[in-house]
Amino acid sequence: MKVFVAGATGRVGQAVVKLLLAQGDQVLAGGRNLAQLPAEVTPVALDLHASVAELQAKLADSQAVIFTGGSRGQDLLQTDLNGAVKLMMAAQAAGIKRFIHLSSAYALDQNMWAKVPALAQLTDYNIAKFFSDRWLMDETTLAYTIIQAGILTPTPATGKVSLNPATSGENSIEDVAAVLVASLAEPKTIRQVIMMKAGTTPIAEALAQL
């Protein structure tokens with residue numbers, strides 16, 4: 001499969017690219033610091049401030065998009081919210097069906113934002129994710145999967161998760177990447193919003209049980 005990874009030079013994006021290459025996929029890696037990308041990818045200079053038409057051209061003949069982009073709080077409206085929405089619009093205009101979106105735990109449940117200490121400090125980020133997620137669900141015909149990850153940690157991958165748990169929790173960056181990539185091939189994830197945290201169930205098995 002030919003996959004466009006938005007935010008390919010970020011922490012999760014780099015892990016996603018590595019996994020896609022390991023399973024033999026072709027990768028168009030969209031990001032800013034392109035020099036750090038593996039030689040096997042097709043690097044794409046990506047600016048989410050660009051127009052929908054410009055973003056569509058960047059997607060070329062990709063068959064799926066994995067969105068891991070983010071401004072880390074520096075440009076929430078233009079990047080995390082509107083940049084994500086424009087890329088969704090571009091993907092649909094390009095005829096791409098599959099769109100995997102990395103979101104945040106409880107992004108669609110505003111009542112939880114003040115109740116979870118880790119989220120109470122990220123209200124503007126939660127708002128950006130809420131509206132980008134809702135756009136993907138309500139305003140597109142894309143075969144989407146929204147992965148709601150909790151706190152990201154640089155701990156080693158376990159290959160195991162808990163999906164749709166009663167409470168949010170920490171996630172290894174590598175495990176988040178593995179869930180994003182595994183979702184591409186699992187039809188049960190289509191049009192699903194999936195919260196995840198570290199757990200005891202192998203990722204492929206957990207996704208197949210949805």
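Contacts classified as side-chain hydrogen bond (donor to acceptor under 3.5 Å, both in side chains) and involving residues 141-167 (residues at least two apart or in different chains) are given here: Gln92-Thr141, Arg98-Thr145, Thr145-Thr189, Thr153-Thr155, Thr158-Asp175, Thr167-Lys197. Residue pairs satisfying the side-chain hydrogen bond (donor to acceptor under 3.5 Å, both in side chains) criterion with at least one member in residues 110-127, sequence neighbours excluded, are absent.
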Derivation and outcome, side chain to side chain contact (heavy atoms under 4.5 Å, CB included), residues Leu108 and Arg134: CA-CA 8 Å; Leu108 294 170; Arg134 290 286 2 158; 3.8 Å; yes

Step-by-step side chain to side chain contact (heavy atoms under 4.5 Å, CB included) determination, Glu54 to Lys86: CA-CA 10 Å; Glu54 290 169 323; Lys86 287 189 293 183; over 6 Å; no

Step-by-step side chain to side chain contact (heavy atoms under 4.5 Å, CB included) determination, Leu163 to Ile203: CA-CA 9 Å; Leu163 299 184; Ile203 288 170; over 6 Å; no

Stepwise side chain to side chain contact (heavy atoms under 4.5 Å, CB included) check, Leu59 with Leu87: CA-CA 9 Å; Leu59 296 174; Leu87 195 63; 4.1 Å; yes

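Between Asp133 and Lys129, no side-chain nitrogen of the basic residue sits less than 4.0 Å from a carboxylate oxygen of the acidic one, so the salt-bridge criterion is not met.
In this structure, Asn171 contributes its side chain and Gly169 its backbone to a donor-acceptor pair below 3.5 Å. Formation of a donor-acceptor pair under 3.5 Å by the Tyr106 side chain with backbone atoms of Ser168 is found in this model. Between the Lys2 side chain and the Gln26 main chain, no donor and acceptor come within less than 3.5 Å of each other.
Side-chain contact of Asp75 with Thr79: a donor-acceptor pair under 3.5 Å is present, judged by distance alone.
Minimum heavy-atom separation, Pro156 to Ser172: O-OG, 3.6 Å. Shortest non-hydrogen contact noted between Ala91 and Phe99 is CB-CD1, 4.0 Å.
For CZ of Arg191, the number of neighbouring non-hydrogen atoms (other residues, nucleotides, ligands) closer than 6.0 Å is greater than 12.
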